[in-house]
Amino acid sequence: MALRRFFSAVVLAAVLLVASASSGFSAKDSPVTTSGLPVPRYVSLKSDHVNVRAGPTKDNDVAWVYTRSGLPVEITAEFENWRRVRDSEGAEGWVYHSLLSGRRTAVITTNRASDNATNNLLGLLLTSRIEIAIAADRE
């Protein structure tokens with residue numbers, strides 16, 4: 001019985017080793033970035049006033065301004081201290097690195113905004129979940 005478990009473990013380890021070697025991915029394949037972190041990656045906005053620029057310098061015009069902190073964005077490129085980000089709607093622009101947080105957040109949407117029953121149910125579920133979390137923290 002113990003011998004069977006040992007051989008099963010050896011076979012499993014061999015399969016995993018072969019699978020990881022055959023994927024062809026290694027550390028040298030990942031792009032070298034300014035921050036040393038992988039790109040793309042997901043982060044969130046740290047501030048409730050974030051200027052999004054057309055290019056990675058302060059000389060570029062402000063394309064738009066995010067006015068809500070915690071919004072999730074995807075970093076798609078880096079240039080010195082600037083990060084090119086893409087939001088949940090697909091809009092892209094450059095943001096200064098200190099305005100981003102490594103904290104991951106999410107946006108919840110529905111397919112049919114006009115469906116009040118779905119929106120009410122989603123709101124009820126989220127409110128219940130938040131109330132339960134708050135009650136748990138108080139104890």
First locate atom [atom1] of [X], then atom [atom2] of [Y], and finally report the distance between them rounded to the nearest 0.5 Å.
X: Trp82; Y: Thr34; atom1: CH2; atom2: OG1; value: 13.5 Å
X: Tyr42; Y: Glu74; atom1: OH; atom2: CD; value: 4.0 Å
X: Asn81; Y: Tyr96; atom1: CG; atom2: OH; value: 4.0 Å

Checking Tyr66 against Asp48: is there a side-chain donor and acceptor pair closer than 3.5 Å? no
Starting from Leu45, can I reach Trp64 by hopping between I/L/V/M/F/W/Y residues whose side chains sit under 4.5 Å apart? yes
Of the non-hydrogen atoms in [X] and [Y], which two are nearest, and what is the gap between them?
X: Thr33; Y: Leu37; value: OG1-O, 2.7 Å
X: Leu100; Y: Lys46; value: O-CE, 3.4 Å
X: Ile75; Y: Glu78; value: CG2-CG, 4.3 Å
X: Trp94; Y: Ala54; value: CD1-O, 3.5 Å

Residues His49, Val65; criterion side chain to side chain contact (heavy atoms under 4.5 Å, CB included); working and verdict: CA-CA 7 Å; His49 183 89; Val65 178; 3.5 Å; yes
Does [X] reach the main-chain N or O of [Y] with its side chain, forming a donor-acceptor pair under 3.5 Å?
X: Arg83; Y: Glu80; value: yes
X: Asp61; Y: Ala63; value: no
X: Ser47; Y: Val50; value: no

Does some side-chain heavy atom of Arg41 sit less than 4.5 Å from a side-chain heavy atom of Ser35? yes
Do the non-hydrogen side-chain atoms of Val73 and Arg86 ever get within less than 4.5 Å of each other? no
Which of these passes side-chain contact (heavy atoms from CB on, under 4.5 Å) with Arg84: Val95, Thr76, Val52? Thr76
